[in-house]
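Here's the structure we're looking at; comments come further down.
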Protein chains: 2
Amino acid sequence: MAKNDMHREWALKTRGQEESGALVESVVEILDCAALCFTEMGFQGTSIDDVARRLGATKGRIYHYFRSKTDLFFEVHREGMRRLMDAVNEAMSAGGTGREKLVRMLEAHALTMMQNIAYEAVVVQGVHMHRLGATTPEQRISLDELMDIRHKFELLFVEAFRQGQADGSIRQGADVSLAVKGMLGAVNWMAIWYRPRSGESPEQQRAMARRITELQIGGIAG
Amino acid sequence: MAKNDMHREWALKTRGQEESGALVESVVEILDCAALCFTEMGFQGTSIDDVARRLGATKGRIYHYFRSKTDLFFEVHREGMRRLMDAVNEAMSAGGTGREKLVRMLEAHALTMMQNIAYEAVVVQGVHMHRLGATTPEQRISLDELMDIRHKFELLFVEAFRQGQADGSIRQGADVSLAVKGMLGAVNWMAIWYRPRSGESPEQQRAMARRITELQIGGIAG
DNA sequence: GTCTATATTTGGATAGAC
DNA sequence: GTCTATCCAAATATAGAC
């Protein structure tokens, strides 16, 4: 298999369309370490050697699976985005009023941020870099793809919001796009400040996700 | 004057403690170009040559005023932070209930983001990098200084929030820190998506700042 | 599939002319 | 104070052994 398609292959596999095997394990291990490095030191502050060191290997292993550092970063970004998308899609598909959907979606978003903070911090970093100067044409395609997914992600929230305005569960008159950008910003900002405390339980995480969501839905006025 | 103190000198001058002169003009011009480059291409995607090209000069000019690319980035960050701080401090100092203060502060924050989007996009980028791997001891000091300012910035909002809870203008029971982080996140996220349309008037900007603030204070429930 | 060793490039940084 | 020319380190990426 050509090196440049290897991670695409992997992407298919993890989507359950094929049996997973040794390839998947290797790639996931690399991605996990890369996500941690990028989160802690940023894209520019992370060298391939850093990632390799964290793996307990040398960079030969990484270059066997990924064409470039940028590709590696994109792949972490892609995976983080996929986890967000899956969680929110599921929250959306269960029924209820627009507001009920939106609440579930925001909670799912926040919870996914907390449970995958390394990947999601890279996603947020990546959004920053979406004008990333020196990209090859091929990287530009990856980037556009990711921005497209992000756009679809936002549209899910817009849709639920509109539904809520139609069914009366969300107030009229608000600028939908602005409102959604605000809510998503509040949750995305977790990538900056949230780090799990040791021993934090899933129940505590869910509670925090609920509190954040509640503030966005209900506001803070007394 | 030693090169490494030149921008400190400048910082003092722009704070009105001395007459401004040619030095200030030069430095501001560089900072403006750097802010644009960093915003458009990211820290890692921007080379000193890029900034120089945008200036219509060569990098000799930049290195005359700034020790390093990182220093240049820090200085843009510092200036962006200063503008935010000034705007919010002023909004805070006028009287009123805690909620009224908070409203003014959020509006001022949002408006400052819009009016200085290049600088403020760098500020947000910088927050990401606050664990920035390879820093010299000296850069670490700058970085810690900036994080300290950012912390004080957040505390202003916390203070207004608490006051509002005490005077009944803000609801009890909310987790103050979480609420503030949410609100600030919603506004900071503007660094990602906001770009002024051509011909956008200050009045339109103020209107947008008001709408964003209103959503954070009042929520979206119908 | 992973390693070691090495080639290559980019771009940060400096020296010294003007 | 700004330019040109140059140095040099860092780190990306590759070649080839194992």
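Note on naming: letters A, B, ... go to the chains in the order of the sequence lines (proteins, then strands), and numbering restarts at 1 for each one.
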Handout entry: Distance-only polar pair, side chains of A:Q115 and A:E120, donor-acceptor under 3.5 Å
Key = no

Exercise for the section: Mind telling me whether A:F157 and A:H109 have parallel, tilted or perpendicular rings, with 30° and 60° as the class edges? Expected result: tilted

Practice task
Please report, rounded to the nearest Å, how far the C1' atom of D:dT12 is from the CZ atom of A:F73.
Solution key: 17 Å

Exercise for the section: Could you walk me through whether A:Y65 and A:E75 pass side chain to side chain donor-acceptor pair (under 3.5 Å), step by step? Expected result: CA-CA 11 Å; A:Y65 294 98; A:E75 217 48 48; over 6 Å; no

Problem - Ion pair check, A:E145 and A:R78, cut-off under 4.0 Å - result: yes

Practice task
Would you mind telling me which of D:dA11, D:dA13, C:dG12 lies closest to the side-chain atoms of B:S47?
Solution key: C:dG12

Problem - Closest to the B:Y63 side chain, choosing from D:dT12, C:dT14, C:dG11 - result: C:dT14

Handout entry: For A:R162, all residues meeting salt bridge (Lys or Arg N to Asp or Glu O under 4.0 Å), sequence neighbours excluded
Key = none

Expected list for residues 86-93 of chain B: side-chain donor-acceptor pairs under 3.5 angstrom, two or more places apart:
unit_1	atom_1	unit_2	atom_2	d
B:D86	OD2	B:R82	NH1	3.4
B:S93	OG	B:E90	O	2.9

Exercise for the section: Using whole Å, report how far CG of A:D50 lies from C1' of D:dA10. Expected result: 12 Å

Exercise for the section: Could you check how far CD1 of A:I30 sits from C1' of C:dG1, rounded to whole Å? Expected result: 10 Å

Exercise for the section: Rounded off to whole Å, could you give me the CD1-to-P distance for the A:I48 and D:dT12 pair? Expected result: 6 Å

I'd like a list of close polar pairs between nucleotides 2-6 of chain D and the protein, N/O only, cut-off under 3.5 Å.
unit_1	atom_1	unit_2	atom_2	d
D:dT2	OP2	B:Y65	OH	3.2
D:dC3	OP2	B:T58	N	3.0
D:dC3	OP2	B:T58	OG1	3.2
D:dC3	O5'	B:T58	OG1	3.4

Handout entry: Gap between atoms CD and P, on A:Q44 and C:dG11 respectively (whole Å)
Key = 12 Å

Problem - Rounded distance in Å - CG (B:L72) to P (C:dG11) - result: 16 Å

Completion exercise
Here the distance between atom C1' of C:dT9 and atom NZ of A:K69, to the nearest Å, is 14 Å

Handout entry: Atom-to-atom span, CG of A:D49 to C1' of D:dA13 - whole angstrom
Key = 11 Å

